[in-house]
Structure formats: structure tokens, C-alpha cells
2 protein chains.
Amino acid sequence: MTIHILLVEDQTIVRNGLKMILEQDEQLQVVAEASNGIEALSQLECHHVDLVLLDIRMPEMNGIEAAKHMKTKFPNLKIIILTTFDDDEYAYETLKDGANGFLLKSSEPEKLIGSVKSVMNGGLVIQEDIAAKLMPKLFKQSIRRERDDMDIPLTEREIAIVQLIGEGKTNKEIANSLFLSVGTVKNHITNILHELNLRDRTQIAIYAIRNELV
Amino acid sequence: MTIHILLVEDQTIVRNGLKMILEQDEQLQVVAEASNGIEALSQLECHHVDLVLLDIRMPEMNGIEAAKHMKTKFPNLKIIILTTFDDDEYAYETLKDGANGFLLKSSEPEKLIGSVKSVMNGGLVIQEDIAAKLMPKLFKQSIRRERDDMDIPLTEREIAIVQLIGEGKTNKEIANSLFLSVGTVKNHITNILHELNLRDRTQIAIYAIRNELV
DNA sequence: CATTCACAATGACTTAAGTCATAAAAAGCA
DNA sequence: TGCTTTTTATGACTTAAGTCATTGTGAATG
């Protein structure tokens, strides 16, 4: 089965070099090329592409932006990011947007081919040295989780109960402090679980804290 | 250049299957086999091995332990972990100990071969679905690193369970992902509750989040 | 005016959680 | 070496949690 590749790289010489390397393997076929993100997106419209080799540094639209748009439009598309050594600043952002691999441009030819196949088989390929640099960045990234004030699909009463669960109260305690019967509390909880798509009070407690209800 | 492989897997049939697959590629050669961690280590002493394919679930000494010992003795050795679907709990531990890849046993043969070569070329190969499960764990791990030794009066095992409760898992799920019986999980929880002076799993979940264990 | 929705309640169930006694292997330490 | 802690396991319990059907308010919305 042939793997159809879109090659996105602004430096023509490098691009040709990559093409040569890739097509040494008869399974791999470069069906389209582009020199920036915008071009790449329009190429995707008119060619069937399995995998994109994407340079990070590019004019017009850079690799990160491009990757994001691509994955939105073609979720099944595989994307391998090509980086030079000092691009790692940008690189980690693409992970969130679903890049399937990172490769140094200075890689051995076989590594490139191997990685393409590996990614097509569903793998995530990260070059060792990049991985080392990337990991700490990913960590930092995940700390700054911004919360958009999402609306909670619950009634007042239900929220009150969610909060008390989030404080670790039992049904009996909740019933007492809200002047309800335990049965009523249970009913509310059953409703909450359905509405929030959760399984038990523990998950409700987690929800409460994560949504800053407690 | 031939890649010398040590195959570690307790189920003989599976092991033979893997061997067959690997040796379809004439670059790959299985030079030794073992059915548990201890055997594997002694095999490493008497054969030149480039890469180890290591099952996580094994009698005597499991994959994690084995990987740790191997990397200590042979830092240049490449290790690919073979997992089933719900082993992810253990999987991330091996990353720290220097595993170079994770593969599902249910993988396609080509994926296996591709990954072996990819790893030998210095890559880190993680299967997509595992990667997805693994990443958030890695994030948490590193965030925690900052204020590392907080006074949590729990054993390693207990902390692992607290974390899983903090993710909203049931006892059954916890048991599965830690390879324990449900009864054992319950026992641990009873101990945790006493040690932390809490009442039920919901309060444990709250504790886990508040103490940034999750 | 009828209908929808939030809220409260009961009873009869099923099941996940948690307790407790007991046991035993493995790891670490004195 | 012997002692302690950690880890795992089982079985027999008790109880809190959660489901479901059904009933009934009052308030709001159309």
C-alpha cells in the first residue's frame, strides 16, 4: 500500500532532498509539495494525502498554525514535524494539536523513512534528543490550564448537592444540612450523574473541585 | 548490520510468534529468549544484545523491575515494552527507567519491525493510544517534582491507589490497572483511610486533588 | 389553561465500598 | 540472623450508594 505524502518546506533544495530520500522507498510517494502553510492547506484539498512532513519554520503560515488547521479539517491525517535543533521552543505546541512525530532535519535517511512508516502504523515518534528537550516544556505547558467559564447544566439544588459532595459529605449529612430526606438526595445525585455523564459521587467530587465549585 | 534481540515473554506461543515476525526481516535476529526478568538478565550476561523486547506482565520478576536492572547494567541497551491495553499504570514508570518504546501486543507485524528499527536509530516510539494515556501522567509526574517530598504518610502503593481514586476509578479498575485483586485494593483503601483520617473514597479523591497528587 | 420543570418523597432493589481477621511472601534493616 | 514493613490475598460481613417507578407539589412559560 502506497503512502501518499505532502511535503511542506520552504527551502527548495532541502525539500528536494527530502523527496529523494523518501522516494527511495517505493512505498512512499510524495504526491504534493508546498512552501508554506497556506499552500499546504490548499494542496490537501486537491490531493489525497496520508501524511504530512511539515517544517516548523516557514513564511506566511508557520508549521504550528498549519498543523492545527490540518488536523481540524482532516483528523485522520498524520503529521510529522521537521525541526532543526533550536526550534524546540515551538515544537511542543504542536503536540496538543495532534502531531504524530518530531524529527530532526539532520536525521539519517533511514530514520526518516522508518519514522514515516511507524507513524502510518499509528505510532508516535519522537527523536531522542528532541524528546529530552520537549518533555519539560510539555510539563510547563500543562500547568497553565486556562479555564473558560463553562456553564454547568445543573439546577440550583443540584449544584448545592454537588458542592457538598465536593466537601466529602455523605448523603445523610447532605440531607441534614439541606433539610431533605436521604432518598431525595439520592434522587438528585442520580440526576446529576446522568446530566454530567459521571459514574459515582467520587467523580462528582472531582468535577466539583475541577470546576471550582468548592 | 544485524540487530541482536532478546525476547522476554512468558507465554511461549506468543514468544514464538514474535520471533517469527521479527525474523521475517533479515536484519533482525533473536539471539536469546527468556520467560521472566531473572532469566532475561542472565541471558544478557552471555549474549551480545542490542535491543530487548520486554513483556510487562511476567512471573518472578516483572517488566518494570527487569527494565530497571537492565538499564543499570547496560545503559546502551534499547528496550521496547510490550503491553496490553490496560497496563498503562505501570507503563509510565518505565519511561523514567529509560524504556525506548511502548507497543501493544496486538500490533501489526510491520509496526513491530518498524518500531525496532526506529528505536535502534535512536527514536522513542510510543503507540498512539498508549501515548494519549501516558502524556497526562507524565505531566503530573513532573509538576509534582517541584515540591517533591511533601509529608504524605503513605507507601508507594498507597499513593498509586490514592491517585487512581483521584481520577475517579472504581476498585475494579484500580485492581486491573495495578494487577491486583479487588480485595487487595480494598485493604489498601482501608489502610489509607486510617492513615489519612478520612472516611471514604470521595474524601480520598478530594485529598488527592488538593495535595496535587493528580 | 395546559404543560413543562424544579423539587421533594417513598419503597424496593442491586451493587460497590469498606471492615476485619487472618495469612504469607518479599524487601529492608538492625 | 531475626524483626518490621510492605505488599498481596481470601472470605464473610455490613452498610452506604445508586437505580427505578411512581407520586405529588408549586412556579413558570407558552
Side-chain angles (χ1 to χ4, degrees), chain A residues 151-208, chain B residues 36-38 41 56-66 68-69 72 86-87 89-90 93 97 151-208:
Chain A
D151 46 340
I152 297 154
L154 298 177
T155 66
E156 253 183 89
R157 227 4 166 355
E158 288 167 343
I159 289 177
I161 290 177
V162 168
Q163 287 172 333
L164 290 168
I165 292 176
E167 290 169 18
K169 302 286 169 66
T170 63
N171 288 342
K172 200 173 173 186
E173 288 170 336
I174 294 171
N176 281 332
S177 80
L178 295 180
F179 305 112
L180 300 174
S181 76
V182 176
T184 303
V185 175
K186 287 183 180 179
N187 286 336
H188 279 303
I189 289 176
T190 297
N191 294 332
I192 292 166
L193 292 173
H194 284 143
E195 278 161 278
L196 297 182
N197 239 311
L198 300 175
R199 195 171 41 189
D200 51 41
R201 73 195 294 99
T202 305
Q203 294 192 344
I204 294 180
I206 294 167
Y207 174 93
Chain B
N36 64 58
I38 295 170
L41 283 166
I56 279 203
R57 277 190 159 153
M58 279 183 313
E60 302 295 330
M61 185 195 279
N62 70 22
I64 300 147
E65 279 303 302
K68 205 179 297 181
H69 284 101
T72 311
D86 4 77
D87 290 358
E89 194 43 44
Y90 276 146
E93 283 191 24
D97 306 328
D151 44 327
I152 297 165
L154 299 176
T155 66
E156 252 185 87
R157 228 0 164 357
E158 288 167 344
I159 289 177
I161 289 177
V162 168
Q163 288 172 333
L164 289 169
I165 292 176
E167 290 169 19
K169 302 284 170 65
T170 63
N171 287 342
K172 200 173 173 185
E173 288 170 334
I174 295 171
N176 280 332
S177 80
L178 295 180
F179 308 121
L180 299 176
S181 75
V182 176
T184 303
V185 174
K186 287 182 180 181
N187 286 337
H188 280 303
I189 290 175
T190 297
N191 294 332
I192 292 166
L193 291 173
H194 284 144
E195 278 161 280
L196 297 182
N197 238 310
L198 301 175
R199 195 170 44 191
D200 52 39
R201 75 195 294 94
T202 305
Q203 295 192 343
I204 294 180
I206 295 166
Y207 175 92

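Computed from a prediction, not measured in an experiment: that's the story for all the values here.
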Inter-residue atom distance B:Leu178.CG - B:Thr184.OG1, 0.5 Å rounding: 10.5 Å
CD1 on A:Ile165 to CD on B:Gln203, rounded to 0.5 Å: 12.5 Å
A:Glu158 side-chain N/O to A:Leu154 backbone N/O, donor-acceptor pair under 3.5 Å: no
A:His194 vs A:Thr170, nearer the 5' end of DNA chain D by closest nucleotide: A:Thr170
side-chain contact (heavy atoms from CB on, under 4.5 Å) partners for A:Lys169, two or more places apart: A:Leu164, A:Glu167, A:Glu173, A:Ile174
Can you tell me how far [atom2] of [N] sits from [atom1] of [X], to the nearest Å?
X        : N      : atom1 : atom2 : value
A:Glu195 : C:dC5  : CD    : P     : 11 Å
A:Ile161 : C:dC7  : CD1   : C1'   : 10 Å
B:Arg199 : D:dA16 : CZ    : P     : 10 Å
A:Gln203 : D:dG18 : CD    : C1'   : 13 Å
B:Arg201 : D:dG18 : CZ    : C1'   : 14 Å
B:Leu154 : D:dT7  : CG    : C1'   : 14 Å
A:Asp200 : D:dT15 : CG    : P     : 22 Å
B:Leu198 : C:dA17 : CG    : C1'   : 15 Å

Phosphate OP1/OP2 of D:dA16: any A:Asn171 side-chain N/O under 4.0 Å: no
Side-chain N,O (A:Thr155) to OP1/OP2 (C:dC7) below 4.0 Å: yes
Shortest non-hydrogen separation from B:Ala66 to B:Gly37 and the atoms involved: CB-CA, 3.9 Å
Closest non-hydrogen atom pair, A:Gly168 against B:Ile206: N-CD1, 3.4 Å
Output a table of donor-acceptor pairs, distance under 3.5 Å, between side-chain atoms of residues 188-198 of chain B and any protein atom two or more places apart or on a different chain; print 'none' if there are none.
| from | atom 1 | to | atom 2 | distance (Å) |
| --- | --- | --- | --- | --- |
| B:Thr190 | OG1 | B:Lys186 | O | 3.1 |
| B:Asn191 | ND2 | B:Asn187 | O | 3.3 |
| B:His194 | ND1 | B:Thr190 | O | 3.4 |

Sub-4.0 Å heavy-atom contacts from residues 174-193 of chain A onto DNA chain C, ordered by number: A:Leu180, A:Ser181, A:Gly183, A:Thr184, A:Asn187, A:His188
